[in-house]
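Scope of the values below: all heavy atoms of this structure, side chains included, with no hydrogens, waters or symmetry mates.
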Amino acid sequence: VMITKQDDFLMNNTDAVAKVFEQYCSDYNNDGKVKVEVLYTPSYSEDTNSTEIYNNQAYQTRLVAEFQSDQVIMFISDKETCEYLELDDGVSIADVSGIYPSDPNAQKLGYMVSGTKFAEQIGYKDMPDTYFVSFRVPRDNFNINIEKFEKNYENALETWNKYLEANKDSSDDVQAEK
């Protein structure tokens, strides 16, 4: 899971985010362990001091590298960040409203976490209602192992479906359509 939105609370609580998702993640590599890694890689900072400029450059390099890999499928963001990153130009994002067509929390760019218990689970009292979980769609580029990318995508959706089944705020029982 990668966090692309600049957010001090999320930056300091990546372990809490990982623990939430580990409850719903399977041992996909069959090593007997379940480990969810959460990367904090914000797309930009509004601070312009020299330290932030340096950090921004490092984050941008990491962000580009991760978006060229087959590893990071799920990410937490908001519309403003996705627009800033121009994600439709080079990174394919799943249309979540097509995956969960009858779910009002499912938007084109992602699944609104305000429709879940996510903020409560990680202890984020004032999480903005604009945050969502998105998924990178597998596509063949940059010498990526497309079969591995597709499997990682399926695993990410399976984990998210398990999460939704257990944590949706509303009484809707929405499953991803296959």
Could you check whether any side-chain heavy atom of K108 comes within less than 4.5 Å of a side-chain heavy atom of I93, counting everything from C-beta outward? no

Can you tell me how far CD of E147 sits from NZ of K151, rounded to the nearest 0.5 angstrom? 12.5 Å

Distance-only side-chain donor-acceptor flag, Y100 / N161, under 3.5 Å: yes

Quick check: does any side chain N or O of S134 sit under 3.5 Å from a backbone N or O of L109, one acting as donor and the other as acceptor? yes

Do E37 and V72 pass the side-chain contact (heavy atoms from CB on, under 4.5 Å) test, and can you show the C-alpha distance, the side-chain angles, and the key distance before you say yes or no? CA-CA 9 Å; E37 184 177 355; V72 175; over 6 Å; no

In terms of hydrophobic clusters joined by side-chain contacts under 4.5 Å, are Y124 and V38 together? yes

From the options Y163, Y28, Y24, select the one residue that forms a side-chain hydrogen bond (donor to acceptor under 3.5 Å, both in side chains) with E158. Y28

The reported gap from OG1 in T130 to CD in E80 (rounded to nearest 0.5 angstrom) is 8.0 Å

In a check of ring-ring contact (aromatic ring centres under 6.0 Å, His included) between Y111 and each of F75, W160, F132, which one passes? W160

Mind checking whether V20 and M127 sit in one hydrophobic cluster, side chains of I, L, V, M, F, W, Y counted as touching below 4.5 Å? yes

I'd like to know whether I122 forms a side-chain contact (heavy atoms from CB on, under 4.5 Å) with F9, so could you lay out the CA-CA distance, the side-chain angles of the two residues, the decisive distance to 0.1 Å, and finally the verdict. CA-CA 10 Å; I122 64 171; F9 182 89; 4.0 Å; yes

Side-chain (N105) to main-chain (M112) donor-acceptor, under 3.5 angstrom: no

Test log, rule side-chain contact (heavy atoms from CB on, under 4.5 Å), inputs L157 and I99: CA-CA 10 Å; L157 281 180; I99 298 171; 4.2 Å; yes

Verdict with supporting geometry, V133 and T116, side-chain contact (heavy atoms from CB on, under 4.5 Å): CA-CA 11 Å; V133 171; T116 69; over 6 Å; no

Q107 versus D95, closest heavy-atom pair with distance: O-OD1, 4.2 Å

Compare every heavy atom of N29 with every heavy atom of K33, then report the nearest pair and how far apart it is. O-OD1, 4.4 Å

Just checking K162: does its NZ atom have more than 12 heavy atoms from other residues, nucleotides or ligands closer to it than 6.0 angstrom? yes

For F118 and F21, I'd like to know if the aromatic rings sit close, meaning centre-to-centre distance below 6.0 Å. yes

How close do M74 and F135 get, heavy atom to heavy atom, and via which atoms? CE-CE2, 3.8 Å

Calculate, to the nearest 0.5 Å, the distance between atoms CD1 and CG belonging to I73 and N155 respectively. 9.0 Å

Heavy-atom closest pair (C82 atom, S77 atom, distance to 0.1 Å) is SG-OG, 3.8 Å

Using only atom types and a distance under 3.5 Å, with no angle test, would you say the side chain of N13 pairs donor to acceptor with the backbone of A16? no

Starting at OG1 of T4, measure out to CE of M2 and round the result to the nearest 0.5 Å. 6.5 Å

Using a 3.5 Å distance criterion without hydrogens, assess whether the side chain of D27 forms a donor-acceptor pair with backbone atoms of D31. yes

State, yes or no, whether a side-chain contact exists between P138 and I146 at a heavy-atom distance under 4.5 Å. yes

What distance separates D129 CG from D78 CG, expressed to the nearest 0.5 Å? 12.0 Å

Atom NZ in K5, atom OH in Y131: separation rounded to 0.5 Å? 5.0 Å

